[in-house]
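For the numbers below, each heavy atom of this structure counts, side chains included, while hydrogens, waters and symmetry mates do not. Chain A is the first sequence line, chain B the second, and so forth, proteins listed ahead of strands; every chain is numbered from 1.
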Amino acid sequence: DQQVKQNSPSLSVQEGRISILNCDYTNSMFDYFLWYKKYPAEGPTFLISISSIKDKNEDGRFTVFLNKSAKHLSLHIVPSQPGDSAVYFCAASDYSGGGADGLTFGKGTHLIIQP
Amino acid sequence: KAGVTQTPRYLIKTRGQQVTLSCSPISGHRSVSWYQQTPGQGLQFLFEYFSETQRNKGNFPGRFSGRQFSNSRSEMNVSTLELGDSALYLCASSWGDGNTEAFFGQGTRLTVV
C-alpha cells in the first residue's frame with residue numbers, strides 16, 4: 001500500500017513557466033511534508049517543507065501548498081529554469097513529537113524544463 | 001560544514017556474500033536513517049538510529065541490519081546478498097527531534113552479481 005503517491009512519473013514544462021508537481025497521501029497521521037530534488041548519481045537534496053499546521057510555505061521560487069482535507073500537496077516552481085530539471089520526491093513523516101525520523105517517499109516525478 | 005559522507009561509493013558483490021556500508025552524519029546530528037532506492041520501488045525506508053538505538057524500522061527482512069556508534073556514525077549490513085539487493089543505498093542525517101529536514105549523502109551503489 002503506497003502511502004505517498006506521485007501520480008505523474010514525468011512532467012515537461014517550458015522554461016520561464018510555472019511547474020506544478022503534485023503529491024497525494026493516505027495516512028492521516030502524517031504531519032510533516034518535504035520535497036526533495038534528485039540528480040542522477042547523487043543523493044536527494046532538501047528543497048522545502050511544510051508542517052500540517054500550515055497550508056502554504058514559500059522559499060524563493062519554490063512554494064509548497066498543503067490541503068489537509070484532500071490529503072494533497074503540491075510544489076510550485078516559478079519561474080522554471082533549466083537547472084530545475086531533476087527528479088522531485090515528495091516525502092511525509094508522522095513524527096508528531098515523539099516518534100522517529102523515517103520518511104515515506106513517493107516514487108518521484110521527473111521534471112524536464114524545455115528551453 | 002561537512003555533509004553526509006557515505007563509503008564506499010560503489011560496490012560489487014556476489015550472491016550469498018555480506019556487505020557493510022558506512023555513513024558519517026553531519027556534525028551534531030544524532031539521527032541517521034537508511035533508505036534503499038530502486039527503479040521500481042523508489043526510495044524505501046530501512047531503519048533509523050538515534051543515540052545508538054534503532055528507533056524505527058521499515059519493512060525489510062532481517063538480513064538488513066544496522067548499528068550506530070557513540071559518535072553517531074552508522075553502519076548498515078546486508079547478509080546473504082540476493083540479486084534483488086542491487087540498489088542505491090542512501091543515508092540521511094538530521095537532528096533527530098522531528099519536523100526537520102534530513103540531509104542525504106551521495107549514496108552507495110551496490111551491485112550484486
Side-chain angles (χ1 to χ4, degrees), chain A residues 1-10 23 25 27 29-54 57 59 62 64 66 75 86-110, chain B residues 3-7 9-10 21 23-26 29-51 53-60 66 68 72 74 87-109:
Chain A
D1 177 33
Q2 207 179 337
Q3 297 188 70
V4 177
K5 297 179 184 179
Q6 293 177 257
N7 292 319
S8 299
S10 67
C23 178
Y25 62 96
N27 188 343
M29 297 300 291
F30 286 146
D31 58 2
Y32 193 64
F33 304 88
L34 309 90
W35 283 94
Y36 283 84
K37 173 181 178 181
K38 187 178 184 301
Y39 294 116
E42 293 185 12
T45 303
F46 170 76
L47 269 178
I48 192 168
S49 63
I50 187 167
S51 164
S52 59
I53 62 173
K54 294 185 176 182
N57 189 25
D59 184 2
F62 302 92
V64 57
L66 174 63
L75 174 68
V87 177
Y88 288 78
F89 289 95
C90 169
S93 166
D94 62 354
Y95 178 76
S96 298
D101 279 11
L103 295 171
T104 302
F105 282 84
K107 294 194 175 182
T109 296
H110 185 194
Chain B
V4 179
T5 304
Q6 289 187 247
T7 56
R9 289 292 310 278
Y10 303 93
L21 313 181
C23 173
S24 293
I26 290 171
H29 283 187
R30 296 168 66 190
S31 170
V32 174
S33 298
W34 288 88
Y35 296 83
Q36 181 195 65
Q37 185 185 16
T38 56
Q41 297 299 320
L43 273 155
Q44 292 187 291
F45 173 68
L46 280 154
F47 31 66
E48 185 238 359
Y49 285 86
F50 180 84
S51 292
T53 302
Q54 187 181 88
R55 235 182 7 178
N56 198 7
K57 189 176 186 303
N59 295 323
F60 277 81
Q68 187 180 34
S72 293
S74 176
L88 179 67
Y89 290 89
L90 290 158
C91 160
S93 80
S94 69
W95 294 108
D97 56 359
N99 288 347
T100 57
E101 62 271 19
F103 294 88
F104 283 83
Q106 290 189 290
T108 294
R109 171 70 65 185

A.B. asks: Between B:Arg9 and chain A, with a heavy-atom cut-off of 4.5 Å, which part of the residue counts as in contact: side chain, backbone, both or neither?
C.D. replies: side chain

A.B. asks: Pick one of side chain, backbone, both or neither for B:Leu90, based on which atoms fall under 4.5 Å of a heavy atom in chain A.
C.D. replies: side chain

A.B. asks: Measure distances from B:Gln44 to the heavy atoms of chain A and classify the residue's part below 4.5 Å as side chain, backbone, both or neither.
C.D. replies: neither

A.B. asks: Quick one: does any side-chain atom of B:Gln68 pair with a main-chain N or O of B:Glu48 as donor and acceptor, under 3.5 Å?
C.D. replies: no

A.B. asks: How far apart are the closest heavy atoms of A:Gln6 and A:Gly108, and which atoms are they?
C.D. replies: OE1-N, 3.0 Å

A.B. asks: What part of A:Phe89 gets within 4.5 angstrom of chain B, counting heavy atoms only: side chain, backbone, both, or neither?
C.D. replies: side chain

A.B. asks: Is a donor on one side and an acceptor on the other found under 3.5 Å between the side chain of B:Thr5 and the backbone of B:Ser24?
C.D. replies: no

A.B. asks: Within the distance-only criterion (no hydrogens, no angle test), does the side chain of B:Tyr49 pair as donor or acceptor with the backbone N or O of B:Ser74 below 3.5 angstrom?
C.D. replies: no

